[in-house]
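Reviewing the structure listed below.
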Amino acid sequence: MMASDEATRSIEHDSLKYHLLGPSLTKAGQDAVDQTKVSEIIYNASKGSKFFNNEEAKDKNLTEKISKVLAKRRQLEQLDLTSDLRRADDYIAELELGRDLSQVIVHLDCDAFYAAVEELDRPELKDVPMAVGKGVLTTCNYHARKFGCRSGMAGFVAMKLCPQLICVPMNFAKYAAKAEEVREVLTQYDPGFESASCDEAYLNLTEFCNEHHMTPEDAVSQMRADVYAKAKITVSAGIAANAKLAKICSNKNKPNGQFLLASDRQTIMEFMRDLPTRKVNGIGRVFERELDAIGVKTCGDIYAHRAYLAKLFGQKAFQFLMQCYLGLGRTVIKRAEDYERKSVGTETTFKELQSPDALREKLRHIAEELEGDLKRTEYKGRTLCIKIKLHTYEVHTRQSTPPFAVHKADDLYKYSLPMLEKLMKEIPNMKLRLMGLRVTHIISTKKPGIDFFGRVKTSSSTATKAPTLKNEETWETWPEEEFEEAARQERNDEMNELEKLSQEYQGQHDSATKSDAEDQRPAVAEEHWQCPICTVAQPPNDATFNAHIDFCLSKQTIKEAVRSTEPPMMEKQQPGSASKSIANRGKRGRPKNETLPLDQQAREKRRAFFSLGNGSA
DNA sequence: GCGGATCAC
DNA sequence: TATGGTGATCCGC
């Protein structure tokens, strides 16, 4: 009995220790590291902390979840799975029909980007273990990686692994400038390239190779040399038939290397057959463990389990895994700013707080932060979400829908406070280490350039359309006149037209919350009239109403058609939307920076940086 | 639609 | 001495 308990605990701690190695375990530079020793050090450095206890609890939950999965599989195996098997095979056949091997897709990844930039300024750091970021490492150089240091690791843990580690603070402006240098080179090769993040990009080099009569390998070699010549930083690249494969390949010969995966089915299938599941973007520590539990260690292993994967993990996961097995991925590379943003939020960690007054004050502060973000990104949101993390690292979220789209700190606070109060009741003596606010179902507040009927609006015609409304210039400040034309050109995005429109009417209303609240009766009903289909609000007028419904229905159809062609699951996170606003900012110029407190300025810079896309070239 | 959870960077 | 922030997606209910 004792021995069995011991064994169980030991196994559980094995999985916990593996988990504690962190999310970036499979990154380059760790191959030669003794992970057992590293995990032992991390484990001992963390043991007993609240963080550790929470990780331990999560690990236990996962262990339970996995045993349920295994039980369910045993149950399924008793049943007749032939129809599921046929469904899976049909899906594979369907996917195979759509396989596109005609494109040359490249994933480009800067090597230890922040660290590399710092080393340019301080060459003496090149030869010693060095990391960027305090508290939590954002990245570290390859010397540090030899000790087991990784991005995302707590600073004090990294110091245990490597006491001589030098940590330098982040300097966002520097990285942003360097990233821009890289992007300037990439534009020469594919003007439609996609910034996946500040140090990663996808390119479609099919056209470039054809026009210049170059092999993909030569083109990428040259591109990497160009990047180095221009920016003095090394990049690694993967070349393959689609984005998923290219991403995996860019890690093969890191740092400062490239890898080409030949675009024929046989080669791809063999490549996937031996590829550990964790190497695929979208399979993290948890899913890796779940797959491992059913005997799937590599993408090739997936096939044998195809009959019950959908029932065990869901339809989306099934489709995703089938694409992993086949080595399929998207072949369409979109500019980052063509992705539509879905939410805007902010959150912050702080020294534990408990008193209701302090928590309310924190919420108020976060509301003001979010107001600033919403102003910059030019959005407001119909749904408001509050997030809290207890001192135990347990996370909770609550959301509500205010009577109108919110963007002002007063409103953000007003409508999130009840959620916080409710949480304080639900969780007695609530002690927090983090609080955050986010708006979803967002609506653009960009100045509309197109009116409801699709006509281009001129400033003089504004009055004829909505005579009762205030002068537009008074309800929100707009960028300088010289940027207006550029801004107008960006507004040709079809899917956004409705949302642009909504702001014309709604914008005026929600900025007058006080009078709305006083004028109780139909104010909310009329002033905040909402289209049953989309997010548009408009005045109660039959003609415009009918026109709108027609318009809206046609858009809805298009939207669904588009959605159904989208690749399933986490083929790609969509960072691009974040860059939309910054792309605009690049063109329009940054709003004048009023004097902010120093930490605020740092915040601003950080946000500006993380939002950089490929539009600012 | 809501809340929890996972994932990427 | 003390383990991040932003955004997206999926699942079960």
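Given the structure is predicted, the values throughout are model-derived calculations rather than measurements. Letters go in sequence order (proteins before strands), and every chain restarts at 1. All values below come from the heavy atoms of this structure, side chains included, with hydrogens, waters and symmetry mates left out.
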Among C:dG5, B:dC9, B:dC2, the one nearest A:Glu347 by side-chain distance: C:dG5
B:dG3 phosphate, OP1 or OP2, under 4.0 Å from A:His396 side-chain N/O: no
Sugar-phosphate only, base, or nothing, as touched by A:Arg433 at under 4.0 Å among non-hydrogen atoms: sugar-phosphate
A:His107 vs A:Asn61, nearer the 5' end of DNA chain B by closest nucleotide: A:Asn61
Pairwise 5' ranking along DNA chain C for A:Leu312 and A:Phe350, keeping only the more 5' one: A:Phe350
Side-chain ion pair, A:Glu194 and A:Arg335, N-O less than 4.0 Å: no
A:Lys389, nearest nucleotide to its side chain (from C:dG4, B:dG3, C:dG5): C:dG4
Nucleotide C:dG4, atom C1' - distance to CE of A:Met170 in whole Å: 9 Å
Nucleotide C:dT6, atom P - distance to CG of A:Leu374 in whole Å: 12 Å
Closest to the A:Ser343 side chain, choosing from C:dG5, C:dA8, C:dT3: C:dA8
Residue of the set A:His305, A:Glu290, A:Lys72 for which side-chain contact (heavy atoms from CB on, under 4.5 Å) holds with A:Leu312: A:Lys72
Rounded interatomic separation in angstrom, taking CZ from A:Phe113 and P from B:dC9: 15 Å
Residue A:Gln399, side-chain heavy atoms: nucleotide from C:dT3, C:dG7, B:dG3 that is nearest: B:dG3
Heavy atoms from other residues, nucleotides or ligands near NZ of A:Lys160 exceed 12 (cutoff 6.0 Å): no
Sidechain N-carboxylate O distance under 4.0 Å for A:Arg438, A:Asp373: no
Nucleotide nearest A:Lys342 (side chain, heavy atoms from C-beta), chosen from B:dG3, C:dA8, B:dC7: C:dA8
Spacing of A:Gln315 atom CD relative to C:dT9 atom C1', expressed in whole Å: 16 Å
A:Lys58 with A:Glu55: basic N within carboxylate O range, under 4.0 Å: yes
Closest approach of A:Ala144 to A:Cys140 (non-hydrogen atoms, all atoms of both residues): CB-CB, 3.8 Å
N-O pairing of A:Glu361 and A:Arg364 below 4.0 Å: no
Options B:dG3, B:dC7, C:dT6, nucleotide nearest the side-chain atoms of A:Thr397: B:dG3
Given C:dG5, C:dG7, B:dG1, the nucleotide with the shortest approach to the side chain of A:Thr349: C:dG5
Distance in angstrom units between A:Glu288 CD and B:dT6 P, rounded: 14 Å
Whole angstrom value for the distance that separates C1' of B:dT6 from NZ of A:Lys316: 16 Å
Nearest-angstrom distance, P atom, C:dT3 to B:dA8: 24 Å
Euclidean distance, atom CD of residue A:Glu340 to atom P of C:dG7 [Å, nearest integer]: 15 Å
Phosphate OP1/OP2 of B:dC9 contacted by A:Lys247 side-chain N/O (<4.0 Å): yes
Sugar-phosphate, base or nothing in reach of A:Thr401, heavy atoms under 4.0 Å: sugar-phosphate
Given B:dG4, C:dT3, B:dC2, the nucleotide with the shortest approach to the side chain of A:Phe156: C:dT3
Between B:dC9 (C1') and A:Arg150 (CZ): distance, integer Å: 15 Å
Residue-phosphate contact under 4.0 Å: A:Arg341 side-chain N/O, C:dG7 OP1/OP2: yes
No-H, no-angle donor-acceptor pair, A:Ser49 side chain to C:dT1 base, under 3.5 Å: no
Closest-nucleotide ordering on DNA chain C, the 5'-leading residue of A:Gly314 and A:Tyr393: A:Tyr393
Residue A:Arg438, side-chain heavy atoms: nucleotide from B:dG4, C:dT3, C:dG7 that is nearest: C:dG7
